[in-house]
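Throughout, residue positions are numbered sequentially from 1 according to the sequence presented.
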Amino acid sequence: MLKVALTGASGLVGSRIVELLNQKINFISVPQNKLDITNANAVSRKIDQIDFDIFLHLAAYTNVIGAEKDRELAFQVNRDGTKNLFEAVNAKNKKFIYISTDFVFDGTTPPYNETSLPHPEAVYAQSKYAGEQLLRDKVIIVRIAYPYRARFDAKRDFFRTFKMFLEEHRPLSMISDSLMTPTFIDDIAYALDYLFHNYKPGIYHLVGSQAISPYGAVMLVAKIFNLKTDLVTKITYEEYVKTRARLPQFADIRSIHNNFYKMKSFEEGLKEIKHQLEV
Ligand SMILES: NC(=O)c1ccc[n+]([C@@H]2O[C@H](COP(=O)([O-])OP(=O)(O)OC[C@H]3O[C@@H](n4cnc5c(N)ncnc54)[C@H](OP(=O)(O)O)[C@@H]3O)[C@@H](O)[C@H]2O)c1
């Protein structure tokens with residue numbers, strides 16, 4: 001069985017990957033309470049001790065708003081932590097996969113594929129891109145976007161936030177003139193399974209098959225789960241960013257390198273989730 005060591009196995013994305021693939025992959029979790037990836041000596045010692053074929057690096061400082069105030073920590077974890085891990089894994093001549101984000105694009109010149117030039121604006125995105133730059137051409141870099149799943153109590157993704165607001169019949173002001181590319185985490189797991197077995201360095205966008213506006217996304221959640229939309233209103237991107245952190249406006253992310261796994265549209269993902277929640 002292929003041995004995949006990983007950081008971030010308790011997170012939103014990592015925990016589902018392990019859940020779905022652990023019958024066919026031997027996962028070796030390296031949790032934060034056993035290894036702080038910002039400590040280079042500890043990383044080197046730990047990586048030396050464990051036996052694996054591929055290292056999947058998911059751990060990150062993921063708080064986009066927090067990173068604006070905590071710039072140093074975001075860079076320590078996302079750039080320096082990645083460097084520490086890569087150097088230790090490379091010293092053992094093992095393969096490395098880095099999970100990155102569509103936020104490396106500023107959202108002004110869509111669509112974006114793997115050959116598009118990143119221009120990260122917010123601190124979180126800059127720190128993740130700094131991680132990418134250390135690894136480019138040497139390893140697999142996988143960019144994901146707006147990941148969502150059926151269940152995960154520890155962290156609510158955007159889909160479950162929308163659903164909760166609709167179920168509680170709370171007002172929702174949604175941007176109608178921007179785009180996001182929602183990605184079903186189960187698809188990320190199965191596409192990664194292919195890359196584990198067909199490792200070839202490069203950048204891969206493992207993203208949903210269709211971009212949609214946040215307003216359109218809420219309306220789809222309401223349609224699939226049969227919820228009322230009378231308290232959902234539209235706002236413009238400019239109105240939204242006046243009071244909140246700036247997000248990339250047109251995050252229409254596509255792939256020219258993923259010719260191996262068919263990713264779902266948001267509607268297809270929601271239908272699958274509805275099915276998963278019913279069984
Ligand atoms: N969620 C998104 O919307 C999104 C979108 C695009 C890309 N991504 C990328 O996808 C990956 C997974 O994201 P996620 O949402 O699943 O993350 P998450 O739920 O926020 O989990 C982050 C993980 O990183 C670990 N971690 C944080 N600091 C660490 C440190 N100093 N040393 C060791 N481990 C540390 C955490 O460990 P503990 O649980 O022990 O604290 C946790 O397991 C990240 O690389 C993220 O940048 C996420």
Checklist entry - Which class fits the ring pair F55 and F96: parallel under 30°, tilted 30 to 60°, perpendicular over 60°? => result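 Parallel, since the angle between the ring planes stays under 30°.
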Are there more than 12 heavy atoms of other residues, nucleotides or ligands under 6.0 Å from atom [atom1] of [X]?
{"X": "D153", "atom1": "CG", "answer": "no"}
{"X": "N226", "atom1": "CG", "answer": "no"}
{"X": "I65", "atom1": "CD1", "answer": "no"}

Checklist entry - How would you list all residue pairs meeting ring-ring contact (aromatic ring centres under 6.0 Å, His included) that involve residues 216-236, not counting sequence neighbours? => result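 Pairs touching residues 216-236 that pass the test: F159-F225.
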Item to check | Qualifying ring-ring contact (aromatic ring centres under 6.0 Å, His included) pairs with a residue from residues 166-188, counting only residues at least two apart or across chains | outcome: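 Qualifying pairs, neighbours excluded: Y148-F184.
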Checklist entry - Which of these, D177, I175, V241, sits in a side chain to side chain contact (heavy atoms under 4.5 Å, CB included) with T236? => result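 When D177, I175, V241 are each tested with T236, the side chain to side chain contact (heavy atoms under 4.5 Å, CB included) holds only for D177.
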Next on the checklist: Just to verify, what does Y112 make a ring-ring contact (aromatic ring centres under 6.0 Å, His included) with, not counting sequence neighbours?
Outcome noted: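 ring-ring contact (aromatic ring centres under 6.0 Å, His included) check on Y112 returns F105.
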So does [X] pair up with [Y], basic N to acidic O under 4.0 Å?
{"X": "K83", "Y": "E87", "value": "yes"}
{"X": "D186", "Y": "R16", "value": "yes"}
{"X": "D157", "Y": "K155", "value": "no"}
{"X": "K271", "Y": "E268", "value": "no"}
{"X": "E19", "Y": "R149", "value": "yes"}
{"X": "E278", "Y": "K274", "value": "yes"}

Next on the checklist: Under the criterion side chain to side chain contact (heavy atoms under 4.5 Å, CB included), I'd like the reasoning laid out for R170 against M164: C-alpha separation, chi angles, the key distance, then a yes or no.
Outcome noted: CA-CA 9 Å; R170 286 158 64 178; M164 180 189 77; 3.7 Å; yes
Next on the checklist: Less than 6.0 angstrom separating the ring centers of Y261 and Y194, yes or no?
Outcome noted: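 Judged by ring-centre distance (under 6.0 Å), Y261 and Y194 do not meet the cut-off.
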With clusters defined by side-chain heavy atoms of hydrophobic residues (ILVMFWY) lying less than 4.5 Å apart, directly or transitively, does [Y] cluster with [X]?
{"X": "I47", "Y": "V139", "value": "yes"}
{"X": "L58", "Y": "Y124", "value": "no"}
{"X": "F165", "Y": "F152", "value": "no"}
{"X": "L270", "Y": "V207", "value": "no"}
{"X": "L166", "Y": "M180", "value": "yes"}

Next on the checklist: Quiz question: by atom type and distance under 3.5 Å, do the side chains of Q249 and T108 form a donor-acceptor pair?
Outcome noted: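 Absent: no donor and acceptor within the cut-off.
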Next on the checklist: Pair F158, F162 - check ring pair (Phe, Tyr, Trp, His ring centres under 6.0 Å), show working.
Outcome noted: CA-CA 6 Å; F158 79 93; F162 290 178; 5.5 Å; yes
